[in-house]
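Working notes, structure below.
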Amino acid sequence: MIQEIIITTLLDFLKILPFLLVAIIFSQIIKTYLHEEKIKEITKETKTNFAKTALVGIATPGPLLAYLPILKSLKDKGVPLSIIVAFITGQTLIGPGRIFLEVSYFGMEFFMYRVVSAFLIALAVATGFKILERNYLRK
C-alpha cells in the first residue's frame, strides 16, 4: 500500500516537473530583468488590480505548485502579498481544465456560478489580506 502511494506520488510529480522547471526559469528571469519600481507601479493594492489578478489566477491552467516560484520572485521584487493571495485564491478555486468535467456533470450554469463565486471570494480574501497585512504583518 505504501509503495503504491509513493509510486503514484512520484509519477504525479514527474507530470508536474516540466511546468515547475519552466516556472523556476521564468522566476529567475523576473529576478534578473524586472525592476522593482516597475513592478510596484503595476501592482498597487487596488480593487482593479485584485480583480485582474484573480481573473488571471482563475484562467491559469495547471497546478499551483508550478506558479509558486514565480510568485516568490514577484514577492521578492515588491509585489504586495494581497495581490499574490488574489492570484492563489482564484487559481486554487477554479481552473480552465475543470470546465469540461464540471459542465458535463453539473451544467454550464453551475460552472458560471462557481466562477463568479470564486472571483468574489478571491476579491474578499485579497481585501481581507490587505487589511491584515497593514495592521499586523508589517509591524
Side-chain angles (χ1 to χ4, degrees):
M1 181 74 164
I2 292 175
Q3 184 178 8
E4 182 181 329
I5 292 170
I6 292 171
I7 290 171
T8 303
T9 302
L10 288 174
L11 290 174
D12 287 344
F13 178 74
L14 289 175
K15 290 177 189 174
I16 295 170
L17 188 59
F19 297 107
L20 183 58
L21 292 174
V22 168
I24 290 169
I25 291 167
F26 192 68
S27 71
Q28 292 306 307
I29 291 169
I30 289 170
K31 282 183 180 180
T32 305
Y33 295 108
L34 287 179
H35 299 289
E36 288 182 30
E37 298 81 28
K38 185 68 173 171
I39 289 176
K40 287 179 182 178
E41 177 185 317
I42 294 171
T43 59
K44 292 180 180 169
E45 293 178 295
T46 64
K47 289 179 184 176
T48 303
N49 283 343
F50 290 162
K52 289 176 187 176
T53 307
L55 289 173
V56 169
I58 287 170
T60 305
L64 178 62
L65 171 67
Y67 299 98
L68 293 177
I70 296 168
L71 295 172
K72 170 78 167 95
S73 292
L74 290 171
K75 177 191 162 285
D76 291 346
K77 287 287 187 168
V79 172
L81 291 175
S82 56
I83 295 287
I84 291 171
V85 81
F87 176 88
I88 289 173
T89 303
Q91 206 278 338
T92 302
L93 293 176
I94 300 287
R98 298 179 194 158
I99 187 171
F100 302 108
L101 285 173
E102 290 185 16
V103 168
S104 67
Y105 281 103
F106 306 111
M108 180 57 88
E109 185 178 15
F110 170 84
F111 185 74
M112 293 310 297
Y113 284 144
R114 250 182 41 78
V115 169
V116 170
S117 297
F119 176 71
L120 295 174
I121 289 168
L123 291 179
V125 170
T127 302
F129 207 88
K130 176 181 172 181
I131 293 166
L132 289 172
E133 198 174 18
R134 284 197 179 150
N135 294 322
Y136 301 105
L137 297 177
R138 289 191 183 166
K139 289 188 176 187

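In this structure, I99 CD1 and I94 CD1 are separated by 9.5 Å, a value rounded to the nearest 0.5 Å. Separating the CG atom in L71 from the CD1 atom in I84 is a distance of 5.5 Å, to the nearest 0.5 Å. With values rounded to the nearest 0.5 angstrom, F111 atom CZ is found 15.0 Å from Y105 atom OH. Between atom CD1 of residue I121 and atom OG1 of residue T89 there is a gap of 9.0 Å, rounded to the nearest 0.5 Å. A distance of 11.0 Å separates NZ of K72 from CG of L74, quoted to the nearest 0.5 Å. For the atom pair CD1 of I29 and CD1 of I70, the computed distance is 9.5 Å after rounding to the nearest 0.5 Å.
In terms of hydrophobic clustering, with Ile, Leu, Val, Met, Phe, Trp and Tyr side chains grouped at heavy-atom distances under 4.5 Å, F129 and I131 are assigned to different clusters. Cluster annotation: Y113 is not connected to L93 through the hydrophobic network of ILVMFWY side chains, with a link wherever side-chain heavy atoms come within less than 4.5 Å. Two different hydrophobic clusters hold I24 and L68 under the rule that ILVMFWY side chains link at heavy-atom gaps under 4.5 Å. Grouping the Ile, Leu, Val, Met, Phe, Trp and Tyr side chains by contacts below 4.5 angstrom, directly or via other members, places I88 with L120. Linking ILVMFWY residues whenever their side-chain heavy atoms come closer than 4.5 Å, directly or via other members, places L64 and V56 in the same cluster.
Nearest heavy atom pair, residue A86 against residue A122, reads O-CB, 3.8 Å. Taking all atoms of both residues into account, the shortest heavy-atom contact from A126 to V85 is CA-CG1, 3.7 Å. Nearest heavy atom pair, residue V115 against residue I58, reads O-CD1, 4.1 Å.
With a 4.5 Å cut-off on side-chain heavy atoms, R98 and R114 count as touching. Taking 4.5 Å as the limit, some side-chain heavy atom of L20 sits within range of a side-chain heavy atom of F13. Considering only heavy atoms from C-beta on, T60 comes within 4.5 Å of F87 through its side chain. At least one side-chain heavy atom of L81 sits less than 4.5 Å from a side-chain heavy atom of K75. Counting heavy atoms from C-beta on, the side chains of V116 and M112 never come closer than 4.5 Å.
Of the N and O atoms on the side chains of S82 and E45, at least one donor lies less than 3.5 Å from an acceptor on the other residue.
Residues that satisfy the ring-ring contact (aromatic ring centres under 6.0 Å, His included) test with F110, not counting sequence neighbours, are F106. In this view, T9 and I5 satisfy the side-chain contact (heavy atoms from CB on, under 4.5 Å) rule, not counting sequence neighbours. For K77, the salt bridge (charged side-chain N to carboxylate O under 4.0 Å, His left out) test picks out no residue, with sequence neighbours left out.
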